[in-house]
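For reference, the structure is listed below as structure tokens.
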Amino acid sequence: MSRRRVEHLLRKLNRRHYDAPATDVEHVAERLASFRHPTLSSRARARIWQAAQARAASLPARRTVRPRLAWAALPLVLLFFLSSTSVVMAAQSSLPSEALYPFKSLSEQVWFTLTPEAQRPAVALELATRRIAEVGQLNQRGEVAPAGVLEDLEAYLTWIDQMPAGEPARTQALYRLSYEIQALEEQAQDLPLNSSLLLALAACRRTQIALANPSGFEP
Amino acid sequence: MDPRSDEPKLLRQASQGDKDALAELYERYVDAIYRFMLYRTRDHALAEDLTAEVFAQVIQSIHRYEERGLPFGAWLFAIARARLVDHIRRQKRRPVAPASDLLCLPDKQAEAAPEQVLDEVQFLSLLHPLTERQREAVLLRFVGELSHAEIAEVTGSTANAVKQLMYRALNRLRKALEEP
């Protein structure tokens, strides 16, 4: 059938509609309902049915969690949650040479990363004091702190130095750092000195000076 | 007697793996789903393909039908609608063929009688002035033979909203038909 013929038929159809206009909405509905829509031949039906069956067989099985399995899994989930929380809690008092220390380090990194940038200097002060304490405790045991601990300390001290001048937080950071330095110095007097303690002390003193003189000039 | 009165029994059997029951349900609904797809895509081969996709999903998930609490016809059209949306997303709004092109597909159309072809074009030309939502509602009502409440279930609307939509659609059709 040519395109011209199709267009002619369509025009004819439209004219037929215009000749007998619908008078109300129900009439239009009746007209819509009276249309004889195309039906599939038996061959087409069989073809579609076969295609549907083949596709259904190739579809991945849908995963459904049965309620019973979900209830059975609940204690396991709780156990995992509680055990992981317990491990992180227990790790907080660990030292760099101990097995749980990586959990402590990881939890601190997560804490620091999730902290908004404006509040990071305050968190850095907290984490720096932890590193200083670790260096002190290792020194008491006669051990040297690993290089990673000193690198972390340096990084946190840099963040502390970014506290805005004149802010009360900066003054508080100075007091707290001075207190930690004093504790390390006392320890250094009582115990044989080790290199990590001296390096930590030097880094803390540099930051102490920077905090006390934000302009960079000696008073 | 309501032709759908034995449907709950068929559905129960089908969900228990009775292939004959499933085939019977397919026979009852395949035409309606095919027409729905045909009127939306205006492509016979694609309509067949999408109809097969719909029934593939039905075969796979018929056992979960009762959990939904939706009449089977409405459930079926909800699947059809989802498959159609998937297809449209895949095709990224591929332009549809004009209505008159339907007559230029002798391959599939040869199976239908000439007067059926005429009705098909007639029906499509009638739907032309409608919006997408109105066209969908009209198709579900007059091709899928769903009630207003069932259309509301399929489209995620309310029965009253569907009634309003249908009224506006029919009114627009009436005006279009009355235009000189």
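Basis for what follows: all heavy atoms, side chains included, without hydrogens, waters or symmetry-related copies. In the text below, chain A, chain B and the rest are named by the order of the sequence lines, each starting its count at 1.
Using a 4.0 Å cut-off between a side-chain N of Lys or Arg and a carboxylate O of Asp or Glu, B:Asp49 and A:Arg47 do not qualify as a salt bridge.
Other residues, nucleotides and ligands contribute only 12 or fewer heavy atoms inside 6.0 Å of the CZ atom of A:Phe103. Enclosure of atom CD in A:Glu126 by more than 12 non-hydrogen atoms of other residues, nucleotides or ligands within 6.0 angstrom is indicated.
Atom CD1 of B:Ile59 and atom CH2 of A:Trp49 lie 4.0 Å apart (nearest 0.5 Å). In this structure, CD1 in A:Ile48 is found 7.0 Å from OH in B:Tyr34, a value given to the nearest 0.5 Å.
Closest approach of B:Ala56 and A:Ala52 over heavy atoms only: CB-O, 3.3 Å. Residue A:Leu40 comes nearest to B:Asp31 through the heavy atom pair N-OD1, 2.9 Å, listed as atom of the first residue, atom of the second, then distance. When all heavy atoms of A:Ala56 and B:Gln60 are compared, the closest pair comes out as O-NE2, 4.4 Å.
Proximity to chain A (any heavy atom under 4.5 Å) is restricted, for B:Val138, to the side chain, taken from C-beta onward. Using a 4.5 Å cut-off between heavy atoms, B:Ala23 touches chain A through backbone and side chain atoms alike.
Under the 6.0 Å cut-off for aromatic ring centres, B:Tyr39 and A:His37 qualify, their centroids lying closer than that.
Side chains of A:Leu32 and B:Phe123 form a contact here, defined as non-hydrogen atoms less than 4.5 Å apart.
Counting heavy-atom pairs closer than 4.5 Å to chain A, the top residue among B:Glu27, B:Glu53, B:Arg141 is B:Glu27.
Here the side chain of B:Tyr26 pairs a donor or acceptor atom with the backbone of A:Arg45 at under 3.5 angstrom.
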